[in-house]
Every structure is written in structure tokens, then in C-alpha cells.
Amino acid sequence: MTVCDGTVVCPGSYDPITNGHLDIITRTSEVFERVVVGVVNNPLRKETTLFSAEERKAFIDETTADLANVKTQIFSNLLVEFARELGAKAIVKGLRAISDFEYEFEMAQLNRKLDPGIESIYVIASPHYSFLSSTGVREMATFGGDVSDLVPAPVAAAMTERLSDR
Ligand code: ADP
């Protein structure tokens, strides 16, 4: 049984999902009754993502298949609107080093202004993942670095394939 009932959203670009994301999603799913992983599909940034929104969603579906209360959905509207549509009561995000704090502090205030009924909740990154970002993983893989310890196995394989096509 989980601690809190209701639905929460874990939003992100997940380009691609890393073991750090998975850690936050898993820990969130142990606290909340239902977790929707929201994959941002920003048409303005389409050409800058390594994987399409559908591909990013498929990786998350595959790697969270054992978590019964987690599902994945693509969204392209305002985050608080997406949360409202789902009937979610909170947005849950991971918090890494100090650098995340400033951005998240601003986003939490803006989102509260847009909808005071949706709370922003932060889960502190596990120490061994606090250095890990999708951007870092993409850069490492681009230059042939081994990312197999940082992302789920199907993602590592897909990254190697995608980047060798370029
Ligand atoms: P990234 O910052 O890696 O590009 P996203 O924009 O997809 O990732 O982030 C989605 C959410 O996951 C954000 O709340 C972000 O702070 C969090 N997150 C990303 N990587 C980690 C990590 N290694 N540990 C904890 N939280 C993380």
C-alpha cells in the first residue's frame, strides 16, 4: 500500500530516460497511489531531441513495466493544464545539485501562480545519480563513451545505433 492516494505527474523531456529518472519514478511510485510520467513534446524543439516523443515514451514504458501504478503519457500543453486534465494533485520532480534549485524554485512559483491547487514536490536525487543528466549522457555517447551504467540497457543500445546513423 502506498502512503498517499491520488495521482501525481513526473514531467520531463526524458531524452532519453536515465537511471536517475528511473530512481525518482520508482521512489515516487512507492509513495503515491498513481504516477503519470509526462513526456514533454515541444514542437519548437523537435529537431534538437535525439529521440521522438513516441520513442522516449516507449523506453519509459519498457523500463517501468514492473511498476504497476506507473503509466506514461505524452503532453504538449502547459504542465499545470496537463496535471489538471489528469486530476493530479501534485507535480513531482527530482532535485540534483544546487544548479537545479534555482530553476525549480522559479518554476514552482510560476506553476503555483497558474494553479495554486497543484502542489510541486521535490525528491532529492540519490547520491550516485546526482551527477547524471540526459544531456551529459547524450554528450558522452556522441563521443563514444560507455553509458551502459547510466541508462537502462535498451536505451544504451538505441543510443549507440541512433548516434552511429549520424
Ligand atoms: P534532464 O535534466 O536530465 O535533461 P529532464 O528534463 O527529462 O532531465 O528531467 C525530468 C526530471 O527529472 C527533472 O525534475 C529533473 O530534475 C529530474 N532528474 C533528471 N536527472 C535526474 C537524476 N539523475 N536524479 C534525480 N532527478 C533527476
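Each residue takes its place number in the sequence, starting with 1. We use all heavy atoms of the structure for the numbers below, so side chains are in, but hydrogens, waters and symmetry mates are not. We count ligands from 1, going down the list as the structure has it; atoms in each ligand are counted the same way.
The Y14 neighbourhood of ligand 1 comprises atoms 7 (O), with distances under 4.0 Å to a heavy atom of that residue. Heavy-atom contacts of I24 reach the following atoms of ligand 1: 25 (C), 26 (N) (cutoff under 4.0 Å). Residue G12 approaches ligand 1 through these ligand atoms, each under 4.0 Å from one of its heavy atoms: 7 (O), 10 (C). Numbered from 1 in the order shown, with element, the atoms of ligand 1 that lie under 4.0 Å from a heavy atom of L132 read 20 (N), 21 (C), 22 (C), 23 (N). The ligand atoms of ligand 1 that sit less than 4.0 angstrom from a heavy atom of Y129 are 22 (C), 23 (N), 24 (N).
The backbone N or O of S52 lies less than 3.5 Å from no partner atom in the side chain of T49, so there is not a single donor-acceptor pair. Using a distance-only test at 3.5 Å, with no hydrogens or angles considered, a donor-acceptor pair links the side chain of R96 to the main chain of L132.
Using a 4.0 angstrom heavy-atom cutoff, S130 does not count as in contact with ligand 1.
Taking only nitrogen or oxygen atoms, main chain and side chain alike, T135 does not reach within less than 3.5 Å of ligand 1. Residue-to-ligand polar distances keep S133 apart from ligand 1: every N/O pair is separated by 3.5 Å or more. Looking at P11 next to ligand 1, no N or O pair under 3.5 Å apart turns up. Taking only nitrogen or oxygen atoms, main chain and side chain alike, D15 does not reach within less than 3.5 Å of ligand 1. At least one N/O-N/O distance between S13 and ligand 1 falls below 3.5 Å.
Annotation: side chain of E33 is not in contact with side chain of T7 (no heavy-atom distance under 4.5 Å). By the 4.5 Å heavy-atom criterion applied to side chains, K93 and V123 are not counted as neighbours.
Residues S126 and D23 bring a donor and an acceptor atom of their side chains to less than 3.5 Å of each other. D15 and S13 are not linked by any side-chain donor-acceptor pair at a separation below 3.5 angstrom, with hydrogens and angles left out of the test. No side-chain donor-acceptor contact under 3.5 Å links N41 and E54. In the model, D61 has a side-chain atom that pairs as donor or acceptor with a side-chain atom of T72 under 3.5 Å.
When only non-hydrogen protein atoms are considered, atom 8 (O) of ligand 1 lies nearest to H21 NE2, 3.1 Å. Protein heavy atom nearest atom 24 (N) of ligand 1, with residue, atom name and distance: A125 CB, 3.5 Å. Nearest to atom 13 (C) of ligand 1 among the protein's heavy atoms is K93 CE, 3.8 Å. Nearest protein heavy-atom contact of atom 16 (O) of ligand 1 is G94 O, 2.8 Å. Of the protein's non-hydrogen atoms, R96 NH2, 2.9 Å is the one closest to atom 2 (O) of ligand 1. Scanning the protein for heavy atoms near atom 4 (O) of ligand 1, the closest one is S134 CB, 3.6 Å.
Side-chain heavy-atom separations under 4.5 angstrom define the hydrophobic clusters, and I98 shares its cluster with no other residue.
Minimum heavy-atom separation, V147 to M159: CG2-SD, 4.3 Å.
Within a 6.0 Å sphere centred on CZ of F105, heavy atoms belonging to other residues, nucleotides or ligands number 12 at most.
A salt bridge does not link K89 to E119: none of the charged side-chain nitrogens sits closer than 4.0 Å to a carboxylate oxygen.
Contact annotation: for C10 versus ligand 1, there are no heavy atoms closer than 4.0 Å. Of the heavy atoms in D100, only side-chain atoms (C-beta onward) come closer than 4.0 Å to ligand 1.
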